Amino acid sequence: HGFMTILRLVLPQLPDVQYLQGQGFVCRSIPAGLPPGLGTEHVGEGSLVASPAHLEIGTERIHLWRLAPDALPDAAEAAALCDAAASALGLVLEPIDPECWQLREGAPGELEAVSLPAMQGQSIGPCMPEPRSWHRLMNEIQILWHEHEVNRAREEGGRPSVNALWFWRLPQAADHAPSVGSDDPLVCRMFGLEPLPLTAGAWPEPLPDWLVPSPLQAESWAEGALRDLEHGQLQRVLLATPMQEALELRRKRRWFRPWWRRK
C-alpha cells in the first residue's frame, strides 16, 4: 500500500500503554474527534433506534455485548419480543434489520446515547443513555424479557439471551463528516458504506479518515498497524476508541552516542 503518514483506527479498546512502550513505541494520550454516531456526544437529528443486545451481569459491572450475526434474533423472535414490549410498555418497535429496530412510539423524551458499536464489551454504568427516564425503560425491558419464551428457547439451544435493548440514534449524513471505512455491517449501515474487507495491514487507497474494524477483526487490524509502524511503512498511528480516548504512536528514535562518550 506504499508509505503513509498516518493511519487512524477506531478500536473497541486501546492496547496497554506499558506494553506498547516496551515494544519500542512512543505513546501519548490525545483527545479524539470521531465520526458522528461513534462518539458519546448527542449525534443530532436522526432515527431513534433500539438494538437487541445481551447484558452480562458480573459482581461489580454490567457489560453490554453485541450479538454475533448468527445469534441475532430471527424475524419470528424479533416479532415476539416487540409484541411483548408493545403490550406491556407501549413501545412500538419496527425491526428494519436484525440489529437495528426503529422506535416509532413510546420514547420517554429526548435521548443522548452512545452508539451500539461503541458499547461492545463496555461497562454500561458510565455510558447509560440520558436522561434517567431511559434507565427505567431499559430496566423494565430487561425484567419483561428475562423469562420470555423466546429467551428460554434460546438458552435451551445454547444461544445467548436477548435480555436488553440499547437505545441510540443513527447519524445523518453531513457534507463535513469525515470519511469512514469499515467491515462492520452496522457501521456500514450507519454511514451508507459498502463493507470494506481488509486483512491486517492491507489498507485501502485512498485512506479514509477513520477505519472502523468489526469487533472480531479489531485486534488483527491493530497488529497490522503496529507492524507497519515498526517497519517504517507508517510514520504515525492514531488508535482511538468511540469513547473519545486516543493514543498517538510513533516509532522510538534510536540515538547512538559517539564511541568516545560511552562509559
Side-chain angles (χ1 to χ4, degrees), residues 9-20 27 29 31-32 34 37-43 48-73 81 85 89 91 98-101 103 108-109 111-148 150-152 154-155 158-169 184 186-187 190 212-222 239-247:
L9 280 178
V10 181
L11 306 175
Q13 60 184 23
L14 296 179
D16 181 77
V17 174
Q18 291 184 337
Y19 169 79
L20 293 173
C27 307
S29 297
L34 300 181
L38 289 175
T40 58
E41 74 280 1
H42 181 65
V43 297
L48 182 62
V49 296
S51 291
H54 177 77
L55 291 183
E56 181 181 77
I57 301 175
T59 55
E60 296 182 357
R61 294 179 177 86
I62 300 175
H63 291 85
L64 182 136
W65 295 97
R66 289 176 65 182
L67 297 167
D70 60 354
L72 285 166
L81 293 172
L89 304 174
L91 296 183
E99 200 175 19
C100 188
W101 302 354
L103 179 57
L111 172 69
E112 292 190 25
V114 181
S115 68
L116 179 70
M119 285 303 302
Q120 169 66 10
Q122 299 288 339
S123 170
I124 67 172
C127 308
M128 287 290 286
E130 296 293 341
R132 293 187 63 84
S133 53
W134 291 94
H135 301 195
R136 293 191 295 272
L137 178 59
M138 291 176 65
N139 187 57
E140 290 171 344
I141 291 169
Q142 188 178 356
I143 294 171
L144 176 67
W145 286 356
H146 177 66
E147 291 295 330
H148 194 281
V150 165
N151 281 323
R152 287 201 300 269
R154 287 173 65 93
E155 290 172 350
R159 303 168 72 204
S161 61
V162 183
N163 61 5
L165 274 179
W166 186 257
F167 294 97
W168 52 296
R169 284 183 184 272
D184 185 294
L186 188 56
V187 173
M190 289 166 58
V212 187
S214 66
L216 294 177
Q217 296 297 323
E219 186 173 347
S220 65
W221 282 32
L239 300 177
T241 74
M243 310 301 291
Q244 302 294 322
E245 303 169 312
L247 288 174

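This is a predicted model, so every value here is computed, not measured.
Considering only residues two or more places apart in sequence or on other chains, L20 meets the side chain to side chain contact (heavy atoms under 4.5 Å, CB included) condition with P15, F25, C27, L226, L247, L249. Looking at residues two or more places apart in sequence or on another chain, you find a side chain to side chain contact (heavy atoms under 4.5 Å, CB included) between A164 and L55. Applying the side-chain hydrogen bond (donor to acceptor under 3.5 Å, both in side chains) rule to D184 yields the partners R66; only residues at least two apart in sequence or on another chain are considered. Take Q217 and apply the side-chain hydrogen bond (donor to acceptor under 3.5 Å, both in side chains) test, not counting sequence neighbours, and it matches S220. A search for ring-ring contact (aromatic ring centres under 6.0 Å, His included) contacts involving W134 returns F167, not counting sequence neighbours. A search for side chain to side chain contact (heavy atoms under 4.5 Å, CB included) contacts involving S123 returns R61, H63, P126, not counting sequence neighbours. With sequence neighbours excluded, the residues forming a side-chain hydrogen bond (donor to acceptor under 3.5 Å, both in side chains) with H54 are S161, listed by chain and number. When the side chain to side chain contact (heavy atoms under 4.5 Å, CB included) test is applied to E140, the partners found at least two apart in sequence or on another chain are L89, L137.
Looking only at side-chain heavy atoms (C-beta outward), M190 and V49 stay at 4.5 Å or farther from each other. You'll find the side chain of H148 reaches within 4.5 Å of the side chain of L81, heavy atoms only. For the pair V162/V150, no side-chain contact is recorded, criterion being any heavy-atom separation below 4.5 Å from C-beta on. Between M138 and M128, the closest side-chain pair of non-hydrogen atoms falls below 4.5 Å.
One distance of note links CG of L116 with CD of Q122; it measures 11.5 Å at 0.5 Å rounding. With rounding to the nearest 0.5 Å, the separation of CD in E147 from CG in N163 is 11.5 Å.
The minimum heavy-atom distance between W168 and L48, with the atom names listed, is O-CD1, 3.4 Å.
Side chains of S51 and W101: no donor on one and acceptor on the other come within 3.5 Å.
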